[in-house]
> 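Attaching a single structure in structure tokens format; questions to follow.
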Amino acid sequence: MGEQSLSQPKPQPLSPFPSPPASAALPPPASASASASASAASTSRTTSAAASRPKKKVTNPSPDRNPAKKPRLTFSIPGRPLSAVGEVGVAIRYLRAADPALAAVIDAHEPPVFQCPHRPFHSLVRSILYQQLAFKAAASVYSRFLALLGGESCVAPDAVLALTPHQLRQIGVSPRKASYLHDLARKYASGILSDAAIVNMDDRSLAAMLTMVKGIGSWSVHMFMIFSLARPDVLPSADLGVRKGVQMLYALEDVPRPSQMDKLCERWRPYRSVGAWYMWRLIESKVPQPAPAIPVGSLAFPSPDGQSMLQQQEQQQQQTVIQMIDPLQMLPGMG
């Protein structure tokens with residue numbers, strides 16, 4: 001009534017077409033009612049959508065916002081290790097049936113043994129010490145390293161961190177290798193790495209974590225996974241010995257590239273570690289053995305073409321190369 005009294009006086013106007021009463025007194029038009037309903041529905045939908053948005057963010061978080069700093073790791077338990085009783089026999093039977101060419105190599109050699117007496121940290125330390133050294137020289141450095149620490153049982157992260165670069169230099173460890181050892185020990189001390197995590201990590205995550213350590217590349221990781229952890233399905237595609245072995249096995253014209261190795265060795269899955277081991281044995285058996293030592297007096301009378309001594313030197317160099325690329329030599333006690 002208040003609105004009516006302001007807009008029109010109480011007496012009716014004299015016009016034959018009286019003005020309609022105030023809008024408050026009339027029912028709302030159909031269009032206004034529809035607009036109001038649509039507005040209410042829109043408001044309801046907006047409120048519902050707003051209420052549901054936080055739930056979407058919680059239930060579907062965006063993965064890998066910064067994968068470079070936080071690599072995704074999967075701590076799944078790997079398959080049965082080759083160190084388990086009877087597992088090498090299972091692998092050999094599988095490979096013999098899957099690859100007739102490899103079966104002949106298998107029959108020509110004794111089966112491998114995958115047993116490592118050391119914990120992962122100890123094996124990684126030894127791998128660093130043996131890098132780029134001849135077997136005898138590396139074994140000498142390793143022996144002095146153990147004596148400096150007080151024995152094999154004392155190879156622990158804290159003990160390695162306590163060694164100064166000068167102490168390591170005195171036993172034949174280069175400053176660069178000393179920095180590698182300290183970096184590995186620091187990652188253990190800080191909890192980034194641990195023996196338990198390494199044992200239970202899947203192959204891909206393990207490779208990502210170990211290559212974060214200075215001085216440990218993909219080749220070292222592959223050797224570690226095969227000979228220390230006894231992982232059954234590791235193919236060291238970049239290893240020259242394995243690639244040469246595959247070339248000999250399948251009579252290829254050229255040494256296969258690392259990128260070709262997965263396809264060539266696909267039939268070995270899930271026992272590519274064992275297949276790789278036989279490739280080392282194959283190439284080792286094909287390299288000519290050094291000729292017997294020639295008496296000193298005869299060295300003054302080489303053959304007319306001068307090729308005899310050269311061939312002997314080449315054979316000795318080839319044998320040295322095989323020893324250097326053979327992980328059983330590089331990582332003693334792991335094979």
Side-chain angles (χ1 to χ4, degrees), residues 73-85 87-88 91 111-133 135 138-139 141-143 145-146 149 151-157 159-160 177 180-181 183-185 187-188 192-239 241-242 270-281 323-335:
L73 303 180
T74 305
F75 288 85
S76 60
I77 298 176
R80 187 174 168 86
L82 294 170
S83 56
V85 176
E87 193 63 17
V88 170
V113 177
F114 296 91
Q115 295 290 341
C116 179
H118 303 298
R119 295 175 293 105
F121 177 77
H122 190 150
S123 296
L124 290 169
V125 166
R126 186 170 56 183
S127 175
I128 291 173
L129 290 173
Y130 272 78
Q131 285 178 2
Q132 299 178 342
L133 291 178
F135 176 73
V141 171
Y142 176 66
S143 177
F145 176 81
L146 294 180
L149 286 180
E152 290 189 342
S153 61
C154 299
V155 180
V160 173
K177 279 191 181 181
Y180 297 165
L181 294 172
D183 187 58
L184 173 65
K187 284 180 170 55
Y188 261 81
I192 295 176
L193 290 174
S194 69
D195 285 348
I198 285 175
V199 169
N200 292 301
M201 213 177 294
D202 69 277
D203 292 350
R204 186 182 297 272
S205 299
L206 180 58
M209 292 299 294
L210 289 183
T211 51
M212 292 171 58
V213 180
K214 293 179 181 179
I216 296 182
S218 59
W219 186 89
S220 297
V221 171
H222 288 155
M223 298 304 104
F224 173 74
M225 288 196 293
I226 294 174
F227 294 103
S228 182
L229 301 183
R231 296 285 175 93
D233 194 35
V234 178
L235 178 65
S237 302
D239 185 90
V242 177
Y271 296 108
R272 292 182 297 175
S273 299
V274 180
W277 188 91
Y278 278 109
M279 292 303 95
W280 285 309
R281 302 283 71 79
Q323 291 179 353
M324 288 296 294
I325 66 175
D326 187 348
L328 302 183
Q329 298 283 353
M330 290 290 291
L331 305 176
M334 292 187 182

> Does any non-hydrogen side-chain atom of I198 lie less than 4.5 Å from one of L206?
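Side-chain contact under 4.5 Å: yes.
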> May I have the step-by-step check of side chain to side chain contact (heavy atoms under 4.5 Å, CB included) for V125 and L181, ending in yes or no?
CA-CA 7 Å; V125 166; L181 294 172; 3.8 Å; yes
> Provide the closest heavy-atom pair for R231 versus M201 in the form atom of the first, atom of the second, distance.
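It is NH2-O, 2.8 Å.
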> Hey, does the side chain of T211 reach the backbone of A207 with a donor-acceptor pair shorter than 3.5 angstrom?
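Such a contact is found between T211 side chain and A207 backbone.
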> Given side chains that start at C-beta, do those of L184 and V160 come closer than 4.5 Å, heavy atoms only?
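In short, these two side chains do not touch, never coming nearer than 4.5 Å.
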> Which atoms form the tightest heavy-atom contact between K214 and D183, and what is the distance?
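Nearest pair, atom of K214 first, then D183: N-OD2, 2.9 Å.
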> Go through the steps to decide whether V242 and W280 satisfy the test side chain to side chain contact (heavy atoms under 4.5 Å, CB included), and finish with yes or no.
CA-CA 6 Å; V242 177; W280 285 309; 3.6 Å; yes
> Output yes when a side-chain donor or acceptor of S273 lies under 3.5 Å from a complementary backbone atom of I226, and no otherwise.
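The answer is no, because no donor-acceptor pair under 3.5 Å joins these two groups.
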> Do W277 and Y271 touch side chain to side chain, with heavy atoms closer than 4.5 Å?
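A side-chain contact is absent here, since even the closest heavy-atom pair is not under 4.5 Å.
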> Below 4.5 Å, heavy atoms only, C-beta onward: do I216 and F224 meet side chain to side chain?
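In short, these two side chains do not touch, never coming nearer than 4.5 Å.
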> For the residue pair V274 and F114, what are the closest heavy atoms and their distance?
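Closest pair (atom of V274, atom of F114, distance): CG2-CE1, 4.4 Å.
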> Got a sec, which residues hit side-chain contact (heavy atoms from CB on, under 4.5 Å) with R119, two or more places apart in sequence or on another chain?
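side-chain contact (heavy atoms from CB on, under 4.5 Å) list for R119, sorted by chain: F121, D195.
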> Working to the nearest 0.5 angstrom, can you tell me the gap between L82 CG and F227 CZ?
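It is 10.0 Å, given to the nearest 0.5 Å.
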> Going from OG on S237 to CZ on R272, what distance comes out if it is rounded to the nearest 0.5 angstrom?
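Result: 7.0 Å between the selected atoms.
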> Give the intermediate values and the outcome of side chain to side chain contact (heavy atoms under 4.5 Å, CB included) for residues L133 and K177.
CA-CA 12 Å; L133 291 178; K177 279 191 181 181; 3.6 Å; yes
> Looking at OG of S123 and CD1 of I128, how far apart are the two atoms once the value is rounded to the nearest 0.5 Å?
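Output value for this atom pair is 11.5 Å.
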> Donor-acceptor check, side chain of Q131 to backbone of G215, threshold 3.5 angstrom: yes or no?
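Indeed, once roles are kept as given, a pair shorter than 3.5 Å links the two residues.
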> If you take all heavy atoms of A138 and Y130, which pair is closest and at what distance?
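Distance-wise, the nearest heavy atoms are CB-CD2, 3.1 Å.
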> What's the verdict on side chain to side chain contact (heavy atoms under 4.5 Å, CB included) for S127 and M223, showing C-alpha distance, side-chain angles and the deciding distance?
CA-CA 9 Å; S127 175; M223 298 304 104; over 6 Å; no
> Could you tell me if the side chain of D239 sits less than 4.5 Å from the side chain of H222, heavy atoms only?
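No, too far: nothing below the 4.5 Å cut-off.
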> Would you call L193 and L124 a side-chain contact if the rule is heavy atoms closer than 4.5 Å?
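When only atoms from C-beta onward are counted, L124 and L193 do not touch, as no gap falls below 4.5 Å.
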> Roughly how far, to the nearest 0.5 Å, is the OG atom of S153 from the CG atom of L146?
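Between L146 CG and S153 OG, I get 9.5 Å after rounding to 0.5 Å.
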> Could you tell me whether a side-chain N or O of S228 sits under 3.5 Å from a main-chain N or O of P120, the two making a donor and an acceptor?
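No, because the side chain of S228 does not come within donor-acceptor range (under 3.5 Å) of the backbone of P120.
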> How close do C154 and A159 get, counting heavy atoms only, and between which atoms?
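In terms of heavy atoms, the two residues are closest at O-CB, 3.4 Å.
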> Which heavy-atom pair separates D233 from D203 by the least distance, and what is that distance?
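Result for this residue pair: O-OD2, 4.2 Å.
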